[in-house]
Visitor: 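Quick one: this structure, given as C-alpha cells, is what I'll be asking you about.
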2 protein chains.
Amino acid sequence: MGTKKKTTIKDIANVLGLTPSAVSKALNNHPRISEKTKVSVQQVAKNLNYQPNYLASALRKGKSNLVGVIIPRANSNFFSAVLESIENVLHEKGYNIIISQSYESFEKECRNIDALLFTQVDGVIASLANETKDFSFYEKIKAKGIPLVLFDRGENDLGVDYIGIDDYQSSHMVVDHLVSENCKRIAHIGGFSHTRIFKNRIRGYRDALEKHNLPLDDNLIFECKLTKTDGRLIMEELLHRENRPDAVYVAGDYAALGALEYLKEQGIKVPEEIAIVGFGNEPFTSLVFPSITTIEQHSTEIGKYTAEAFLRRIKEADTPPVLRKKILDPELVVRGSSKKI
Amino acid sequence: MGTKKKTTIKDIANVLGLTPSAVSKALNNHPRISEKTKVSVQQVAKNLNYQPNYLASALRKGKSNLVGVIIPRANSNFFSAVLESIENVLHEKGYNIIISQSYESFEKECRNIDALLFTQVDGVIASLANETKDFSFYEKIKAKGIPLVLFDRGENDLGVDYIGIDDYQSSHMVVDHLVSENCKRIAHIGGFSHTRIFKNRIRGYRDALEKHNLPLDDNLIFECKLTKTDGRLIMEELLHRENRPDAVYVAGDYAALGALEYLKEQGIKVPEEIAIVGFGNEPFTSLVFPSITTIEQHSTEIGKYTAEAFLRRIKEADTPPVLRKKILDPELVVRGSSKKI
DNA sequence: TATTTTTGTTCAAACGTTGGAACAAATATA
DNA sequence: TATATTTGTTCCAACGTTTGAACAAAAATA
C-alpha cells in the first residue's frame, strides 16, 4: 500500500493531457467544456477514485457548506426530531451540519458559537439555552455577515428569522380543555418569564382564565426550570395549601411527570381529584400511568420550516433582509391525566 | 456597515510593516519571533478583530481538526451521554465534532461516511446501526488513512479500536440476580445475534443458566429489534405458553417497557409472578411503576475512553498500529421489577 | 473572402495560511 | 580581528480548487 496519496484534479489533468482548470470546469459542468472532455474526465476521476478536496474549494469559494446547529441538548425528543428534519432538508442541498449542544448553559452556548464561526460555517441555526438572556452572541454572527435562524427558544425583536409554535394559543387550548372537564381552579407551573415562549404561555393562561370568567390567583402561578424535581416540589407546595387546585397546567413534560409522581405517592387520584396537563409530547407521557395529556409541537414541521428559512437567507444574501417568522399551530393530545369525564 | 471584509494576517502585517509569514509565526508562537513582535501582533490582531481562517490553515496543514461521530440516534440517553463525554475530551484538544445520525439505517450510515470523508475529517468515531452487517465502509476510511474508533456497537475482528462494556458479564449479573430472587425459569428477549453485543448477551445468558444448573430451553430465547412493540408482542406470546417463565431478561429497556406494560394490562403481578430486567438504564426505567431493574453502561466513561483512544491514534499516526480494546464492567441497578424477596 | 461569433481550452492569479530556505544583523567564540 | 553561531525576519512556494481573461481554432455571418 505505502503512503496514501490523494488524487487531485492535477492528476486527472496529467492523464488526459489537460490543465487542472479544464478538469475543474469539466467536473463543475461548465458550459464551455465539450461533452467529450466532460465524459472522459468523469471516467478518469472514477478510475483514480478522485475525491474533491472540500477545504480547497471552500477556501477559494469563500463558503464551507457547513451549517452550525446549536440546541440545548440532543437527548430530547423535540430537539432530536427537529434536528432530523433540518438534516433532511439541508443534506439535500449539499450542506453538512455541525451539531453542538449548549446543555442549557449560556457559557457553553457562547463557546459553541465561537467554535462554529472559527469553523467558517455558512450560517447558524439555534434554539437558545434556558439561561440565555442577552443576545450579544447575535452581534458576532451578524458581524460575520452570515445568516442566523432561531427556532422554538428564541423569539425576539432583533429581526432574526424565527420558527416556533403559538405558545399563547397552546395555553388557551389547555385551559379550554380543562374547563370542559369541569375544572374550576387551574394552577400553572411555568418556565421563567424572561423567555418569550414561557411568557406567552403564562399570558395565554391568564387570558384564557379570564375568558372563562375564572378568578385569577397569582399564588397559583409558579416559575421554575421545569425539571422533574421542580414539578415535584411545587406540587408538594400546592398540596399544602388550604385551597387546592383541581387541575395543574405544567409548561413542560418532565415537570408534569414529577408533579404526577408526587400526587400518586400522596394517594391523590389523577385526574379525578387533580388533573394534570404537560407540554411537549415527550415519549414517556404516553408510557406512564395515567398517561399525560400534553401539547404536541410539530417538531418535524418546525425543522423543515427552519431549514427552509435558512436556505432562503442564503439565497438572498445581499438583498435587503425580509424578516421571516413562522408560528405553527399547536395540537392538544388528550390522555388519561386530564379526562375526568 | 457596508460589506464585511474579514481581516487576514496580511492586514495585520500591513499595519505593523511586517510580512504575513512573520505574523503567522508570531501567532503560532514560533521560537524565532521576538517577544516584542509577538506582543504587538497580538495587539493588532485583537484591535482588528482578527479571526483565523481555519479553512486556509486546514488546507495548508492537511488536517481539519474536525472529527466525525456517527451514532444510531442522538435521542437516546446512552448515546447522548457518550457524545457529551467525547465532546468534552476532544474540544479540550482543539477538535470540533460533526455528529451524524444513522437512524439505524445501513444506507444512511454509508451516506454519512461519504459526507464526513468529503468534509475532510481527521478521523471517525462510530457506533454502528443495527442493520449494519458488513464493514465495507471501514475500507473507505482505511483508504483515507485516518483513524476509526468504534464504541458499543461495533466489536469486531478488523483490528479497529473498540470501547464497550462486557455484555457477556452483564448477562451473568442479571441471571445471578434473578436466581438469587428465586427465579427458576428465565426467558430472554434479545437483539439480533449477528451483532456482537447481542450475541454476547445471549451467550452470557446461556452460560449463566448452565452455571446455576437451570435447564436451557431454546423456546425461551427471542431475537428482535428490541422496540417497545417487540417487547409487547413477545410477552404476549410468552403468556400464551403452558409453561410460563417466572422472569424475563430483556436486552433493551424499551422492549422491557413494552413487556412490562403488557403484563400490567393482563393483570400479571410484577415482579411477584414474573420479574423483568432491562438493559441500558434509560431514564424512564426509574419513572415507571414498578421501576425497572436494568444494566448501567457507564456512558461517560465509554465516551472518555473512546475519545482518548482516538487521540492516541492521531498521535501515533505512522507508528505500527497497536489495537486498543477497552471493555468496561457493567453495573446492575436493582429496582422494583425484579425484587421478589 | 473578410469579419464576427462561438467553442474549447489554457493562463495566471487568487483564496489565507504555513514552513523551510535564505539572509542580514547581532552576538558569541576562537 | 576573523570566524562561527544565534536571532529575527523576509522570501517563496505550496496546499487544491476556482474563475475571469486571453487566445486560437472552428463555425457562422456578411
Side-chain angles (χ1 to χ4, degrees), chain A residues 3-42 44-45 48-66 94 117-122 144-145, chain B residues 3-42 44-45 48-66 94 117-122 144-145:
Chain A
T3 323
K4 287 282 155 195
K5 261 256 175 144
K6 286 162 200 156
T7 39
T8 70
I9 51 173
K10 215 172 163 184
D11 300 322
I12 303 179
N14 284 340
V15 171
L16 292 167
L18 287 170
T19 56
S21 109
V23 173
S24 167
K25 283 173 177 144
L27 289 171
N28 290 301
N29 205 25
H30 188 105
R32 293 278 274 275
I33 297 290
S34 68
E35 267 325 300
K36 208 186 95 211
T37 309
K38 283 180 188 168
V39 171
S40 52
V41 165
Q42 304 274 11
V44 177
L48 298 184
N49 187 29
Y50 168 69
Q51 305 267 77
N53 185 326
Y54 124 92
L55 289 173
S57 103
L59 174 61
R60 179 59 230 251
K61 297 206 279 198
K63 68 183 301 240
S64 64
N65 278 297
L66 249 32
L117 293 182
F118 173 69
T119 316
Q120 312 284 123
V121 293
D122 289 344
K144 265 247 173 170
Chain B
T3 324
K4 286 282 157 195
K5 261 261 177 136
K6 286 163 200 155
T7 39
T8 70
I9 51 173
K10 213 173 163 182
D11 300 321
I12 302 178
N14 285 339
V15 171
L16 292 167
L18 288 171
T19 57
S21 115
V23 173
S24 166
K25 285 172 177 140
L27 289 171
N28 290 299
N29 204 26
H30 189 105
R32 293 277 275 275
I33 297 290
S34 68
E35 267 325 300
K36 207 185 95 212
T37 309
K38 282 180 188 168
V39 171
S40 53
V41 166
Q42 304 273 14
V44 177
L48 299 184
N49 187 29
Y50 168 70
Q51 305 268 80
N53 184 327
Y54 124 92
L55 289 174
S57 108
L59 174 61
R60 176 64 228 249
K61 298 206 278 196
K63 67 183 302 240
S64 64
N65 278 298
L66 248 33
L117 293 183
F118 173 71
T119 316
Q120 312 284 122
V121 293
D122 289 344
K144 267 249 175 170

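So you know, we letter chains A, B, ... as the sequences are listed, proteins then strands, and number each from 1.
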Visitor: Starting at the 5' end of DNA chain C and moving along, which residue's nearest nucleotide shows up first, L59(A) or K61(B)?
Guide: L59(A)
Visitor: Nearest heavy-atom pair of A13(A) and P20(A): which atoms, and what distance?
Guide: CB-N, 3.6 Å
Visitor: If you take all heavy atoms of I33(A) and A22(A), which pair is closest and at what distance?
Guide: CD1-O, 4.0 Å
Visitor: Which part of the nucleic acid, if any, lies within reach of S24(A) when heavy atoms closer than 4.0 Å are counted: base, sugar-phosphate only, or nothing?
Guide: base
Visitor: Taking CG from L55(A) and P from dT17(D), how many angstroms apart are they, rounded to a whole number?
Guide: 10 Å
Visitor: May I have the distance from K63(A) (atom NZ) to dG16(C) (atom C1'), rounded to whole angstrom?
Guide: 19 Å
Visitor: Between atom CD in Q51(B) and atom P in dG16(C), what is the gap in whole Å?
Guide: 14 Å
Visitor: Give the C-alpha distance, both sets of side-chain angles, the deciding distance and a yes or no for side-chain contact (heavy atoms from CB on, under 4.5 Å) between K144(A) and Q120(A).
Guide: CA-CA 9 Å; K144(A) 265 247 173 170; Q120(A) 312 284 123; 3.6 Å; yes
Visitor: Quick one: Y54(A) OH to dC15(C) P, roughly how many Å, whole number?
Guide: 19 Å
Visitor: Specify the separation, in whole Å, of atom NZ of K10(A) and atom P of dT18(D).
Guide: 15 Å
Visitor: Check whether any side-chain N or O of N28(A) sits under 4.0 Å from OP1 or OP2 of dT18(D), and answer yes or no.
Guide: yes
Visitor: What is the distance, to the nearest angstrom, from the CG atom on L27(B) to the P atom on dG16(C)?
Guide: 15 Å
Visitor: Within the 4.0 Å heavy-atom criterion, would you say Y50(B) contacts the bases, only the backbone, or no part of the nucleic acid?
Guide: sugar-phosphate
Visitor: In the 5'-to-3' direction, what one-character label does each nucleotide of nucleotides 4-13 of chain C receive under the scheme B = base within less than 4.0 Å of a protein heavy atom, S = sugar-phosphate only, - = no such atom?
Guide: ---BBBBBBB
Visitor: So, for S24(A) and I9(A), which heavy atoms are closest and what is the spacing to 0.1 Å?
Guide: CB-CD1, 4.1 Å
Visitor: Provide, to the nearest angstrom, the distance between the CG atom belonging to N14(B) and the P atom belonging to dT10(D).
Guide: 12 Å
Visitor: Write down the distance between CG (N53(A)) and P (dC15(C)), rounded to a whole number of angstrom.
Guide: 18 Å
Visitor: Looking only at non-hydrogen atoms, find the nearest pair between L18(A) and T37(A) and report the distance.
Guide: CD1-CG2, 3.6 Å
Visitor: Applying side chain to side chain contact (heavy atoms under 4.5 Å, CB included), name anything that partners T119(A), two or more places apart in sequence or on another chain.
Guide: L66(A), I98(A), Y54(B), L66(B), N96(B)
Visitor: Would you name the heavy atoms of S64(B) and A58(B) that are closest together and state the gap between them?
Guide: CA-CB, 3.9 Å
